[in-house]
2 protein chains.
Amino acid sequence: MSLPHALMTSLLEKSCSGYDLARRFEKSIGYFWRASHQQIYRELGRMEEAGWIRSEAAEDAGKSRKRVYEVLPAGQEELKRWALEPVDPPSPRDEFFVKLRTDAVMGPLGLEAEIERRMGLHKLRLAAYRAIEARDFAGKTLSRLGEIQYLILRAGIMQEEGLVKWSEEALGVLADEKTLKNKNLGDLK
Amino acid sequence: MSLPHALMTSLLEKSCSGYDLARRFEKSIGYFWRASHQQIYRELGRMEEAGWIRSEAAEDAGKSRKRVYEVLPAGQEELKRWALEPVDPPSPRDEFFVKLRTDAVMGPLGLEAEIERRMGLHKLRLAAYRAIEARDFAGKTLSRLGEIQYLILRAGIMQEEGLVKWSEEALGVLADEKTLKNKNLGDLK
DNA sequence: CCAACCATGTAAGCGGTTACATGATTGG
DNA sequence: CCAATCATGTAACCGCTTACATGGTTGG
């Protein structure tokens with residue numbers, strides 16, 4: 001994935017320190033992208049060496065090592081080039097599907113509780129997205145920036161809605177098995 | 001994610017060689033999980049050392065090095081343990097959303113073509129899933145295994161349907177911008 | 001003064017990708 | 001016989017995660 005480009009995009013919105021970037025990635029951006037501070041500092045170093053960004057000691061640094069990073073024109077060129085580069089959408093890659101298959105092959109292992117737990121997480125994420133929607137986007141006239149931010153948020157909303165719905169189906173299937181088993185036992189009488 | 005467990009699950013369905021596993025992963029399983037042959041051979045070696053699987057020269061080996069792998073009871077225990085281990089669902093992690101954000105920040109970069117290209121890919125995947133659905137699941141009485149396989153497939157179908165729909169929305173938003181720009185110019189008169 | 005937070009790093013290890021390499025078997 | 005496919009590996013590299021480490025600042 002291209003972490004450097006994600007970082008530059010964030011820096012373009014507002015120049016800041018590595019620490020600030022790490023915090024931003026935990027919040028808004030972090031819903032669809034995660035980055036640890038170790039990664040971020042490393043990439044900042046590389047990008048500065050490449051001439052994509054530059055840094056200077058922060059005005060409010062005092063005796064701390066705080067540095068503020070800023071995107072250079074070369075970085076902006078690189079961003080444009082990268083943005084238009086075609087990349088195929090990733091495939092799911094959720095190991096829970098493998099676990100379901102394991103359950104299918106090895107007989108019932110009792111995955112219902114885990115499905116319910118995950119459904120809860122999806123509902124939480126969905127609620128968080130809906131809150132952002134209500135606060136920032138719903139029923140407002142949006143700028144170009146806002147329109148696109150909302151578009152990205154809607155991708156997350158659709159995703160989580162789908163997964164909540166699917167989790168319910170999954171519980172249904174695993175429950176049906178028991179009913180079915182009982183039914184078959186009944187038929188044997 | 002746990003490749004060894006995915007491999008063992010596949011081996012439980014049918015014992016086979018590393019090469020066969022690689023091919024299977026490119027087909028059915030590969031729709032939501034990828035693994036290169038290098039990875040597979042390395043993991044097979046590790047799992048054999050751990051006592052989870054064992055191997056013997058294939059009956060049809062001739063002078064080739066072909067080996068057939070089989071899951072041992074210790075491997076089955078490990079599979080059960082792992083299947084019930086809770087793991088949070090992964091977050092999206094599609095770099096295209098970052099690109100959209102870059103477009104939002106740096107002004108229109110012309111991502112429409114890429115969105116259309118990706119929408120085409122999602123439609124292709126969806127068609128492939130629908131074909132499997134029609135061939136193996138639609139309107140049939142399914143075994144427990146079949147029910148779960150179909151459930152997994154439906155997750156893929158929902159995902160791709162959502163992304164096709166979202167791509168259309170995205171094209172709408174990017175097109176609207178132009179209309180809006182023209183409209184605003186008109187208002188200035 | 002001490003805890004919480006700000007701010008930046010190093011090091012080890014793992015999983016995954018790419019490139020390279022080798023030899024056997026099968027079908028045209 | 002030659003190409004394609006079967007079958008198994010090694011080596012280098014990269015990104016990401018986890019754990020560890022250090023020092024400054026702020027608020028109770």
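In the text below, chain A, chain B and the rest are named by the order of the sequence lines, each starting its count at 1. Hydrogens, waters and symmetry mates are skipped; everything else that's a heavy atom, side chains included, is used.
The 5' end of DNA chain D is approached more closely, in terms of each residue's nearest nucleotide, by His37(B) than by the other of Ser64(A) and His37(B). Comparing Val68(B) and Glu43(A) against DNA chain D, the residue whose closest nucleotide sits nearer the 5' end is Val68(B).
Using a 4.0 Å heavy-atom distance criterion, Arg42(B) is classed as a base contact.
With dT8(C), dG15(D), dT17(C) as the choices, the nucleotide that has an atom nearest any side-chain atom of Tyr41(A) turns out to be dT8(C). Ranking dA24(C), dT8(C), dT8(D) by closeness to the Tyr19(B) side chain, first place goes to dT8(D). Closest to the Lys63(A) side chain, of the nucleotides dG24(D), dA7(D), dT18(D), is dG24(D). Listed nucleotides: dG24(D), dT8(C), dC20(C). Nearest to the side chain of Gln38(B): dC20(C).
For Arg24(A) (side chain) and Ser10(A) (main-chain N/O), a donor-acceptor pair under 3.5 Å exists by modelled atom type.
His122(A) and Gln159(A) are not linked by any side-chain donor-acceptor pair at a separation below 3.5 angstrom, with hydrogens and angles left out of the test.
The CD-P distance, from Glu26(A) to dA7(C), rounds to 14 Å in whole Å. Whole-Å rounding puts the Leu21(A) CG to dG9(C) C1' distance at 16 Å. The CD atom of Gln39(B) sits 16 Å away from the P atom of dT8(D) (whole-angstrom rounding). In this structure, Arg46(B) places its CZ atom 10 Å from C1' of dG13(C), rounding to the nearest Å. Look at CD1 on Ile40(A): it is 10 Å from P on dT8(C), rounded to the nearest Å. Computed from coordinates, the Asp20(B) CG to dT5(D) P distance equals 16 Å when rounded to whole Å. As a whole-Å value, the separation of Asp60(A) CG from dA7(C) C1' is 11 Å. Across the protein-nucleic acid pair, Arg67(B) atom CZ and dG9(D) atom C1' stand 14 Å apart, rounded to whole Å.
With Trp33(B) as the aromatic partner, Arg93(A) meets the cation-pi criteria of under 6.0 angstrom to the ring centre and within 45 degrees of the ring axis.
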Would you check, one step at a time, whether the test ring pair (Phe, Tyr, Trp, His ring centres under 6.0 Å) holds for Phe96(B) with Trp82(A)?
CA-CA 10 Å; Phe96(B) 187 70; Trp82(A) 166 81; 9.4 Å; no
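At least one side-chain heavy atom of Arg101(A) sits under 4.5 Å from a side-chain heavy atom of Gln149(B).
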